[in-house]
Amino acid sequence: MRHLLTLNDVSPEEILRIFALTQDLKTKLAAGVREPLFPGRVMALLFEKPSLRTRVSFQAGMSHLGGSSLMLGDDVGFGKRERPDDFTRVICEFVDVLVVRSKRHQTVEEVARHATCPVINGLTDRSHPCQALADLYTLKEHLGSLAAAKLAWVGDANNVASSLAVACGKLGVPFAIAAPPGYQFADQQLAAWRQAFPDWELLATSDPREAVAGAAAVYTDVWASMGQEQEQAQRKADFADYQVNERLMAAAPEGAYFMHCLPARRGQEVSDGVLDSAASIVVPQAGNRLHVQKGILAWLLGAAGSGEGSGAAVRGAPPQR
Ligand code: CP
Ligand code: NVA
């Protein structure tokens with residue numbers, strides 16, 4: 001049983017395959033065609049944290065593919081009415097795929113351990129793989145190719161940064177992160193990535209200007225993620241020099257894009273001027289969540305092998321970097 005818990009679970013070829021499936025489905029949608037790859041299939045979303053983009057893009061995407069979805073609320077009692085393994089084994093009797101957004105990464109791992117249907121990580125404290133896939137797909141779409149891309153992350157070494165780093169490592173996209181001391185990736189993590197991706201250009205610095213030099217896109221995210229609300233004031237002080245504003249964008253190459261997974265805290269990690277500038281691609285980036293979720297579903301449910309998923313879009317479109 002394949003799951004998508006982190007991008008460590010996916011090979012570079014599979015990432016490119018997801019991009020190709022996405023491209024195919026996006027092109028067809030633009031032509032008015034919603035290919036019913038998964039008629040009658042049901043997706044359940046189990047979310048312990050709020051969501052706009054991840055939730056709605058998965059639900060809309062599943063509808064486009066001919067299936068349906070259920071947003072599970074508190075009343076199903078996950079973690080409260082029965083043991084998570086009992087919950088998981090039972091829900092898999094009803095649905096074909098589960099999307100889980102959990103406070104702790106261990107929860108999605110536990111669900112996957114007991115699941116008899118594919119489980120997709122819709123964000124945990126540690127990773128956000130679907131976001132990172134949509135981000136690199138968006139960058140590729142805007143640049144034409146990832147071959148000459150460098151991505152600069154300015155801000156917390158959080159769940160999104162971590163998934164993006166792995167995605168970049170797998171696809172050989174140079175990655176630089178600028179974060180204040182105490183908010184960087186652990187040295188052990190950096191060493192593990194350098195070992196896993198020996199030819200990959202990876203820079204970890206505390207200097208945002210150094211990170212954005214030569215970057216095709218500058219990316220940031222909130223300074224305090226969901227679950228870190230009590231650290232908000234401290235983080236606001238610690239990240240004060242890390243705002244992506246017009247001055248910092250001027251240190252990036254002309255034409256560099258601005259990216260953000262959203263939601264943004266305007267005036268903190270990003271200035272209004274940058275978020276609303278011509279360089280900002282945050283809206284198409286969010287829009288691509290829809291198309292990439294469909295690519296992920298086509299890949300995962302097609303790969304899960306009931307045969308229903310191996311329709312034209314699953315068979316078509318060779319991978320392209
Ligand atoms: N970027 C993202 O995952 O947004 P949501 O929290 O709204 O799903
Ligand atoms: N790092 C943010 C991302 C939200 C999509 C969080 O976890 O809250």
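One-based numbering, in listed order, for ligands and for the atoms of each. Nothing here was measured: the structure is a model prediction, and the numbers come from that model. Throughout, numbering of the chain's residues begins at 1 and tracks the sequence.
Taking atom 7 (O) of ligand 2 as the reference point, the nearest protein heavy-atom neighbour is N159 ND2, 2.8 Å. Regarding atom 4 (O) of ligand 1, its nearest protein heavy-atom neighbour is R53 NE, 2.8 Å. With respect to atom 8 (O) of ligand 2, the closest heavy atom belonging to the protein is M226 N, 2.8 Å. At the top of the distance list for atom 4 (C) of ligand 2, counting protein heavy atoms only, stands L123 CD1, 3.9 Å. Counting only heavy atoms of the protein, atom 3 (C) of ligand 2 lies nearest to D221 OD2, 3.6 Å. In terms of protein heavy-atom proximity, atom 8 (O) of ligand 1 is nearest to S51 OG, 2.6 Å.
Residue L262 places a heavy atom under 4.0 Å from ligand 2. Using 4.0 Å as the threshold, L123 has no heavy atom nearer than that to any atom of ligand 1. In this structure, H128 is part of the shell of residues with a heavy atom less than 4.0 angstrom from ligand 1.
Below 4.0 Å from some heavy atom of R289 lie the following atoms of ligand 1, by number and element: 1 (N), 2 (C), 3 (O). Atoms of ligand 1 lying under 4.0 Å from any heavy atom of L262, numbered from 1 in the order shown and given with element: 1 (N), 2 (C), 4 (O). Close contacts between ligand 1 and L52 involve ligand atoms 5 (P), 7 (O), 8 (O) [criterion: under 4.0 Å to a heavy atom]. Below 4.0 Å from some heavy atom of R101 lie the following atoms of ligand 1, by number and element: 3 (O), 5 (P), 6 (O), 8 (O). The contact set between ligand 1 and Q131, taken as ligand atoms under 4.0 Å from a residue heavy atom, comprises 1 (N), 2 (C), 3 (O).
With rounding to the nearest 0.5 Å, the separation of CG in L133 from CZ in F19 is 5.5 Å.
V244 and V212 fall within a single hydrophobic cluster, where Ile, Leu, Val, Met, Phe, Trp and Tyr are joined by side-chain heavy atoms under 4.5 Å apart, directly or via other members.
Annotation: salt bridge (charged side-chain N to carboxylate O under 4.0 Å, His left out) contacts involving residues 141-168, sequence neighbours excluded, comprise K26-E141, D156-R235.
Considering H260, R289, Q285, H128 as possible partners of D135, the one that fulfils the side-chain hydrogen bond (donor to acceptor under 3.5 Å, both in side chains) test is Q285. Checking each of N159, N158, N121 against S127 for a side-chain hydrogen bond (donor to acceptor under 3.5 Å, both in side chains) leaves exactly one that passes, namely N121.
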* **Derivation of the side-chain contact (heavy atoms from CB on, under 4.5 Å) call for T138 and Y257** => CA-CA 11 Å; T138 302; Y257 293 115; over 6 Å; no
* **Trace of the side-chain contact (heavy atoms from CB on, under 4.5 Å) decision for L123 with K49** => CA-CA 9 Å; L123 179 145; K49 296 178 179 183; 3.8 Å; yes
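Close N/O approach between S225 and ligand 2 is found [any backbone or side-chain N/O within under 3.5 Å]. Not a single N or O atom of P263, backbone or side chain, sits closer than 3.5 Å to an N or O atom of ligand 2. At under 3.5 Å, not a single nitrogen or oxygen of R55, backbone or side chain, sits near a nitrogen or oxygen of ligand 1.
For S271 (side chain) and N245 (main-chain N/O), no donor-acceptor pair under 3.5 Å exists by modelled atom type. With hydrogens and angles ignored, the 3.5 Å screen pairs no side-chain donor or acceptor of H3 with any backbone N or O of L5.
Salt-bridge annotation for K294 and D24: absent, with no side-chain N of the basic residue lying under 4.0 Å from a carboxylate O of the acidic one.
Ring geometry for F185 against F175 counts as tilted: the plane angle lies between 30° and 60°, on a 0 to 90° scale.
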